Structures are given as structure tokens and as C-alpha cells.
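Small disclaimer: the values here were computed from a predicted structure and weren't measured. Nothing fancy with the numbering, it's 1 onward along the sequence.
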Amino acid sequence: MNALRRQIVEAVRGMGLDGQQVADAFAHKHGLNSTDMRALTQIMEAEMRGVPLTAGRLSALLGTSTGATTAVIDRLEQIGHIHRARSEADRRKVTLHFEPLARELAGAYFGPLGALTTEVMDRYTEAELETVHGFLTGMRQAYNTYLQRLEEPAGEQQAAAPAGKPQQRVPAARASPATENR
């Protein structure tokens, strides 16, 4: 690996760690544990995409049991961050939604960070940002591919596709960012 590639890997890793520290600080300030915070983030992102999560899908995304996920949902609902809603079309289907209180708290806390990241992005052209987006999307896909391989039984791991050939199997718990919640 050349020096520039190593620096990029270190920067991506560092950005992930920095983002986790910011999220952990928010969670601590608002009495959430790390799983609660991950759940809240997943619920918010799904709702922003216009496809609210079900408890089962949240369980798969978190990698937790349905019982543990129910406990997380109960905690988040009890403190006013989310609510459950029954589908009008199918009353058995319950989706999870971000509450205005959680939106306000997140906006107040993360808004200044958003302004700082906007300042950074404003330094680049649209074409450069498209390149960065493509790179980061590819890196996320690489992480998801690796996680999929880790979830395979030991015998299947040895038969993993050669480098450059992505795996075709996508378990529910590790869908790619583009296909989450479908």
C-alpha cells in the first residue's frame, strides 16, 4: 500500500472513530446507551428515506435479538424519542417513527457539526464531491461485504469470492446502504 492509500485508510478510520465519539457524547448527554443511539440513528435515517423501520428490521440492523430490540424500543419510546404506529393497510404491521423532541435535540446538538461539514464540502466542486461520494459508498460496500463474510459459517468463509468479485448473498442483517429497509 502506498503512502497516500495508507493516509486515506487512516483518515476514513479516524473519521469513523470521531463520528462515534460525537454520537457517544450525544448519547451520554441524553441518557442513552450505545445500542439505543444506534437504534435511534437507524430509525431516523429510515424515516428520512421515507421507509420507516419495523421492529424486526431494526433487530436485524442492530444484530440484536427481538427481545433486546423490544427493550430498546420501549426505552426510546418511554423517554419520548420515538413512537410506534400501526399501518392503516395492515394493522399487524407496526413501524417506528422519530418524535419531534428527538428531532429537536438532534438538530440542536448536531446542527453545528453540520455547519462545519458544509464548510468543508463547500471547498470542493460538485464533480469532486461526486468522486468522494463514490469512494465513500464503495468503502461502505467493502465493509458490508466483509461483515457478510464474517457472518458465514467457517466452511463457507474459505470459499469466499476472490478479491474483486463481490459476494452475491446479502443477509437481512447486513444489507448494503442502498438497499436497507427494502
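- The CE atom of Met44 sits 9.5 Å away from the CZ atom of Arg49 when rounded to the nearest 0.5 Å.
- Linking ILVMFWY residues whenever their side-chain heavy atoms come closer than 4.5 Å, directly or via other members, places Phe110 and Phe98 in the same cluster.
- Cluster annotation: Met139 is connected to Leu4 through the hydrophobic network of ILVMFWY side chains, with a link wherever side-chain heavy atoms come within less than 4.5 Å.
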Determine whether Tyr124 and Thr131 satisfy the following criterion, side-chain contact (heavy atoms from CB on, under 4.5 Å), listing intermediate values before the conclusion.
CA-CA 10 Å; Tyr124 298 89; Thr131 299; over 6 Å; no
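- Counting only distance, with no hydrogens or angles, the side chain of Arg38 and the backbone of Leu62 share a donor-acceptor pair below 3.5 Å.
- Distance check: Arg149 CZ to Asn144 CG gives 12.0 Å after rounding to the nearest 0.5 Å.
- Here the closest heavy-atom approach between residue Tyr109 and residue Ala25 is recorded as OH-CB, 3.1 Å.
- When side chains are defined from C-beta on, Val9 does not count as touching Val12, because their heavy atoms never get closer than 4.5 Å.
- Other residues, nucleotides and ligands place more than 12 heavy atoms under 6.0 Å from the CZ atom of Phe135.
- Here the closest non-hydrogen pair linking Pro112 and Gly107 is CD-O, 4.3 Å.
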Test side-chain contact (heavy atoms from CB on, under 4.5 Å) on Asn33 and Arg75 and set out the steps.
CA-CA 10 Å; Asn33 64 42; Arg75 279 193 304 275; 3.4 Å; yes
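- Here Met37 contributes atom CE and His28 contributes atom NE2; the two are 13.5 Å apart, rounded to the nearest 0.5 Å.
- Sequence neighbours left out, not one pair with a member in residues 111-126 passes salt bridge (charged side-chain N to carboxylate O under 4.0 Å, His left out).
- Summarising the geometry, atom CE belonging to Met15 is positioned 13.0 Å from atom CD belonging to Gln20; distances are rounded to the nearest 0.5 Å.
- In this structure, the side chains of His81 and Leu32 come closer than 4.5 Å at one or more pairs of heavy atoms.
- Between Gln21 and Leu17 the shortest side-chain heavy-atom distance does not fall below 4.5 Å.
- Separation of atoms OG1 (Thr95) and CZ (Arg86) is listed at 10.0 Å; rounding is to 0.5 Å.
- Although no hydrogens or angles enter the test, the distance criterion places a donor-acceptor pair under 3.5 Å between the side chain of Thr137 and the main chain of His133.
- Within a 6.0 Å radius of NE2 in His83, other residues, nucleotides and ligands contribute more than 12 heavy atoms.
- Side chains of Leu40 and Ile82 form a contact here, defined as non-hydrogen atoms less than 4.5 Å apart.
- The shortest distance between side-chain heavy atoms of Arg103 and Glu47 falls below 4.5 Å.
- Side-chain contact check for Leu58 versus Leu96: some heavy-atom pair is nearer than 4.5 Å.
- Looking at heavy atoms from C-beta onward, Ile43 lies out of side-chain contact with His97 at the 4.5 angstrom threshold.
- Criterion: ILVMFWY side-chain heavy atoms under 4.5 Å apart, direct or through other members. Under it, Leu105 and Met48 are part of a common hydrophobic cluster.
- When all heavy atoms of Ala68 and Ser65 are compared, the pair lying nearest together is N-OG, 3.0 Å.
- Atom CE of Met1 is separated from atom CD1 of Ile8 by 9.5 Å, given to the nearest 0.5 angstrom.
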Taking it one step at a time, do Asp24 and Lys29 satisfy salt bridge (charged side-chain N to carboxylate O under 4.0 Å, His left out)?
CA-CA 8 Å; Asp24 289 347; Lys29 181 176 181 173; over 6 Å; no
Check against side-chain contact (heavy atoms from CB on, under 4.5 Å), Thr69 and Ile73
CA-CA 6 Å; Thr69 302; Ile73 293 167; 3.9 Å; yes
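- Ionic pairing of Asp74 and Arg84 is present here: one or more N-O contacts between side-chain nitrogen and carboxylate oxygen are shorter than 4.0 angstrom.
- Looking only at distances, no side-chain donor or acceptor of Thr64 sits under 3.5 Å from a matching main-chain atom of Ala60.
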